[in-house]
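In what follows, a single structure is set out as structure tokens and then discussed.
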Amino acid sequence: MSQAVLFANDTLAAADTPDAPGFEIGWDHARYRLVPPAEQLHAGNPVRQGWQAGQAVFGHRTLRPSTAVRQWLQLRLSAWLRGQSFEALQVTPNFLAQLEVARCPVTREPLTQGTGQPTDAVVERVFHGAGIAAGNLVTLSARAAAAKAHCGWDDALGFAHQIECGHVERIAGLDAAEWRRLAVLMSLATPLKHAQVAALPLLVLPPNRLRVLNPVQALQTLLTLLFTRPAYARNMADLAAVMPSSAARQTYQVFMHTLLARRVAAGPMADGPALRRAMEEAWQHPLVQRRWQRLALSLSMGECEHIVQYAGRRKLAGDSWQWLSRAAATEGWALESQGRIEEAAVTIATPVQHPLRTQPHKALRNVRFTRQSPSSACVPAANGATP
């Protein structure tokens, strides 16, 4: 993000004005020779003021905007309009470029760019109780993002159940399988009780840079990813040695051999994305889920952390996973204000209430992160680098 900007006779600094975020958004539009949305161009709008000031300074000496730059500007503008917290140090165009995926993890349809269609890629928050920050962002199709809106993970499960009961065929454009995948995706970055997330099948493997806050899901992810790498039989035996008891070790062996059977049934696959999809599909099998739940509930939160930390040191899930402390994992998330800016700048637009909800989400009202969250979190990071 641009720093404080002086122009004219150096008497007005953007960083000193009440509407500095809006001004800087306009300024960066001019830096990349982009025009802000028409509704931000009326007289007196800080975005317009910044845009005009930037045009005067940059002229034709502008930068070429990439897809990630456009997403970055759109995210910042959306956050400013809605009074949401935006962590500007880590959420950069370079960071957003690392979130790009070929297919939506919820709808599994190929993603497009800038076509105005429901398949267009958009960057969305995962946990609505946090701001726009590294580790809380994912790329979805516009269709999935619109359905998600202000829903919580348990709302998504409820919608899937309604469809499966035959009440409707779709809700907000998503079918039951898509709602279940969305629920699991949202749960990964939502601080939840151990028993709650132990009951969830891993229908979606965490996308790049998403931070898995619940230790039992970090373990679930780790065990699933073992089968996407070579030497998984040796790694299975390695992890068995760190199970906290003989009973847990036996339960672990039964679960892993059940998951192994599903991996073998998928056949040889050289394609990474296809293999990840096959492992996600393995969690559709009821026996896999039952045996996982038996293992997960036999372990405490601390024991799950210990096993994942051990696997991280041994690099059993590869070099791209890192273990972060709780403070580092949620840095810039604005959890204390549930992702809001208490005294937001002038709001130009008011977000529309989601049509599926009439009450605030109870998890966002009642969450107590310091009691329910783990002391650390797992992060899938590109090239082994911390976001």
Side-chain angles (χ1 to χ4, degrees), residues 37 71 74-75 77-79 81-84 99-132 136-190 192 196-197 199-207 210 277 280-281 283-284 338-340 349-367:
Q71 291 175 329
Q74 183 180 4
L75 270 178
L77 180 60
S78 175
L81 292 175
R82 290 167 171 77
Q84 294 171 350
L99 304 184
E100 293 180 5
V101 291
R103 292 178 176 271
C104 173
V106 172
T107 65
R108 293 182 171 175
E109 58 195 351
L111 293 175
T112 54
Q113 296 286 349
T115 66
Q117 298 300 312
T119 56
D120 276 356
V122 296
V123 177
E124 271 285 312
R125 289 183 302 161
V126 178
F127 176 39
H128 287 299
I132 297 174
N136 190 38
L137 297 174
V138 68
T139 298
L140 301 175
S141 68
R143 177 165 72 92
K148 177 180 176 291
H150 302 290
C151 295
W153 72 275
D154 51 350
D155 296 310
L157 279 183
F159 297 148
H161 182 68
Q162 290 181 38
I163 297 171
E164 290 166 347
C165 288
H167 297 160
V168 289
E169 292 185 359
R170 287 177 173 264
I171 295 177
L174 301 185
D175 61 23
E178 291 168 336
W179 276 116
R180 286 197 176 277
R181 287 194 289 268
L182 180 57
V184 171
L185 179 64
M186 295 174 70
S187 73
L188 295 172
T190 302
L192 296 169
Q196 283 181 298
V197 287
L200 293 177
L202 191 65
L203 301 175
V204 178
L205 281 165
L210 182 66
R277 176 73 58 83
E280 291 173 342
E281 291 298 325
W283 282 95
Q284 301 264 13
Q338 296 189 351
R340 307 286 303 175
T350 302
V352 178
Q353 177 71 28
H354 191 276
L356 300 177
R357 297 193 56 77
T358 57
Q359 298 294 331
H361 186 275
K362 62 182 179 181
L364 303 190
R365 294 199 311 266
N366 299 331
V367 65

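The residues of the chain are indexed from 1 along the displayed sequence. These numbers come from a predicted model, not from an experiment.
Within a 6.0 Å radius of CD in Gln74, other residues, nucleotides and ligands contribute 12 heavy atoms or fewer.
Rounding to the nearest 0.5 angstrom, the gap separating the NE2 atom in His128 from the CZ atom in Arg340 is 12.0 Å. The CZ atom of Phe159 lies 6.0 Å from the CD1 atom of Ile171; values are rounded to the nearest 0.5 Å. Remark: Leu182 CG to Thr107 OG1 distance equals 10.5 Å, nearest 0.5 Å. One distance of note links CG of Leu188 with CG of Leu202; it measures 6.5 Å at 0.5 Å rounding. Here the CZ-CG distance, from Arg143 to Leu111, works out to 10.5 Å after rounding to the nearest 0.5 Å. For the atom pair CE of Met186 and CG of Asp154, the computed distance is 8.5 Å after rounding to the nearest 0.5 Å.
A side-chain hydrogen bond (donor to acceptor under 3.5 Å, both in side chains) with Ser141 is found for one member of Glu124, Gln117, Glu109, Glu178 and no other, namely Glu109. Of the candidates Arg108, Arg181, Arg103, Arg180, Glu280 forms a salt bridge (charged side-chain N to carboxylate O under 4.0 Å, His left out) with just one, namely Arg108.
Scanning both residues, Phe127 and Asn136, for their nearest heavy atoms gives N-OD1, 2.8 Å. Heavy-atom minimum distance, Ala145 versus Val122: CB-CG2, 3.4 Å. The two residues Ala183 and Trp153 make their nearest non-hydrogen contact at CB-O, 3.4 Å. The two residues Pro110 and Thr119 have their closest heavy-atom pair at O-CB, 3.8 Å. When every heavy atom of Leu210 is checked against every heavy atom of Leu137, the shortest pair comes out as CD1-O, 4.3 Å.
Between the side chain of Lys148 and the main chain of Arg125, a donor-acceptor pair closer than 3.5 Å is present. With Thr139 contributing its side chain and Leu99 its backbone, the two residues share a donor-acceptor pair below 3.5 Å.
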